[in-house]
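In what follows, a structure is listed as structure tokens, so that the remarks can point back to it.
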Amino acid sequence: MSEDEPVHPTKARAAGPTDFTDPQLRWEMKRAAVWLGLAGLIVLTVFLAQPLLVIFGGLVFAAMIDGGARLLGRVLPLPRGWRVSIVILLAAAFLIWTLTFAGTQLANQAAELPALVESQANRVFDWMRGHGVRIDFAAVQAVTKEVVGGVGQVTHAVGGLIGGATTLFLILVLGIYISAEPRLYQRGVAWMFPISERGHFHATAAQMGKSLRRLMAGRLLGMALEGVLCWIALSIYGVPMAALLGLLTGILAFIPNIGAPISGLIMVMVGFSVDTSTGLYCIIIYFVLHTVDGNLVAPYIARKTVDLAPALVLGAQLIMGTLFGILGLALADPLVAMIKIALERHSARHEAQWHAAHPDGEDDGS
């Protein structure tokens, strides 16, 4: 057809490949588009899981800052912005003090720890061989090097704060921005929900924020308590590397169920490197510290926040640790807590709707 040839009227009114005159077909196409969009969102979430976890880490850090600002508001009647700034400055001052006054000592102790752990592991294997236990020393050496390498990475991260610096920096920046204007971001997320769902979202977000603040406050309290008491107890008996072991115990206390055995194993191995009595003393200190934490601090935190089953938390830690490494391991507990709150709120809402629709009926579990 040439450019000057007129278009036939019948052809101009003919339906194209994207024209659907059947209303039922148009409805089905919209439903298909929704399902395809949902599938695409799930795939996108899988590929963006690591950045999303970093964002959640920023939310956790923001909850810590917000909790500190609220606690400070009980004694200082200042505007919220000033209180948030004070909390951030105090945290920065503590970090600078730690790096300035304790950094050199901790770095020197951290450099000695991997060799000490390796020598203690070899002593254990020699004792087992002397008692008739057959050991493949090639496999033992490989495992020992791997364990020592892992300990070296942990202590190196503690001493220099080099590992994961970019991720940590992003979490800190996100946490500061979110804590400065939390309602701004909450309104932005709520805007993406239908109007009828926004009230439920705001109530759920408020409950999540409250539980997360209490959970993190309790976690920080437990970390400080375990770290300081461990340092004091080990220093009194003259255990080497008491400052480093106290710091490691406090940091690893952030990871429930997994952090305590790791810090306890390192503590006991350092103790037995001196003599048997020091090793037994470290065992006693480990059990006393974690008995106090398990019977006093942890139950109190659970009652004040979200009561999570230990097996559920451990399973989530195994999955998150396998998928996302140390970051997923550290954030598994608060993530499970937030998911539980969302599910409980959703279930309570549907239960209320069912009772409203069936005022005289009985809940048959449907």
Requested in this report: Quick one: closest heavy-atom pair of Cys230 and Leu245, and the distance?
Outcome: SG-O, 4.1 Å
Query raised in the report: If two hydrophobic side chains count as joined below 4.5 Å and joins carry through other members, does Val75 share a cluster with Trp82?
Result: yes
Query - Spatial distance of atom CG (Leu59) from atom CG (Leu53) [nearest 0.5 Å] - result: 10.5 Å
Report task. Indicate, with yes or no, if Leu221 and Ile232 share a hydrophobic cluster defined by side-chain heavy-atom contacts under 4.5 Å among Ile, Leu, Val, Met, Phe, Trp and Tyr. Result -> no
Query raised in the report: With a 4.5 Å limit on heavy-atom distance, are the side chains of Ser277 and Tyr237 in contact?
Result: yes
**Report entry** side-chain contact (heavy atoms from CB on, under 4.5 Å) assessment of Met208 paired with Ile341
**Finding:** CA-CA 7 Å; Met208 284 183 173; Ile341 291 175; 3.9 Å; yes
**Report entry** Test: Glu344 and Arg349 ion pair at under 4.0 Å
**Finding:** no
Query - Verify same cluster id: Leu215, Ile55 (apolar side-chain graph, 4.5 Å) - result: yes
Requested in this report: Nearest 0.5 Å please: distance from the OG atom of Ser179 over to the OH atom of Tyr185.
Outcome: 9.0 Å
Report task. Determine yes or no for a side-chain-to-main-chain donor-acceptor pair under 3.5 angstrom, with Tyr281 supplying the side chain and Ala233 the backbone. Result -> yes
**Report entry** Ser235 side chain vs Trp231 backbone, donor-acceptor pair below 3.5 Å
**Finding:** yes
Report task. Hey, could you give me the CG/CD distance between Leu327 and Gln50, rounded to the nearest 0.5 Å? Result -> 6.0 Å
Query raised in the report: Could you state the interatomic distance from CZ (Arg219) to CG (Leu212), rounded to the nearest 0.5 Å?
Result: 10.0 Å
Query raised in the report: Can Phe201 and Gln186 be said to form a side-chain contact (heavy atoms from CB on, under 4.5 Å), step by step?
Result: CA-CA 9 Å; Phe201 167 77; Gln186 183 174 330; 4.0 Å; yes
Query raised in the report: Between the side chain of Arg198 and the main-chain N/O of Ala190, is any donor-acceptor distance below 3.5 Å?
Result: yes
Query raised in the report: Are more than 12 heavy atoms from other residues, nucleotides or ligands located less than 6.0 Å from atom CG of Leu38?
Result: yes
Query raised in the report: Just how far is it from atom NE2 of His346 to atom NE2 of His200, taken to the nearest 0.5 Å?
Result: 7.5 Å
Query - same_hphob_cluster(Leu343, Met338) at 4.5 Å side-chain heavy-atom cutoff - result: yes
Report task. Could I get the full list of salt bridge (charged side-chain N to carboxylate O under 4.0 Å, His left out) partners for Arg187, not counting sequence neighbours? Result -> none
Query raised in the report: With distance as the sole test, does Arg80 use its side chain to make a donor-acceptor pair with the main-chain N or O of Ala69 at under 3.5 Å?
Result: no
Query raised in the report: Is there a path of hydrophobic side-chain contacts, each under 4.5 Å between heavy atoms of I, L, V, M, F, W or Y residues, that connects Leu71 with Leu78?
Result: no
Query raised in the report: Is any side-chain heavy atom of Phe56 closer than 4.5 Å to a side-chain heavy atom of Leu331?
Result: yes
Query raised in the report: Between atom CG of Leu234 and atom OG1 of Thr278, what is the distance when rounded to the nearest 0.5 Å?
Result: 10.0 Å
Query raised in the report: Which residue pairs pass the salt bridge (Lys or Arg N to Asp or Glu O under 4.0 Å) test with at least one member in residues 83-92, sequence neighbours excluded?
Result: none
**Report entry** Atom of Met267, atom of Thr249 and distance for their closest heavy-atom approach
**Finding:** CE-OG1, 3.9 Å
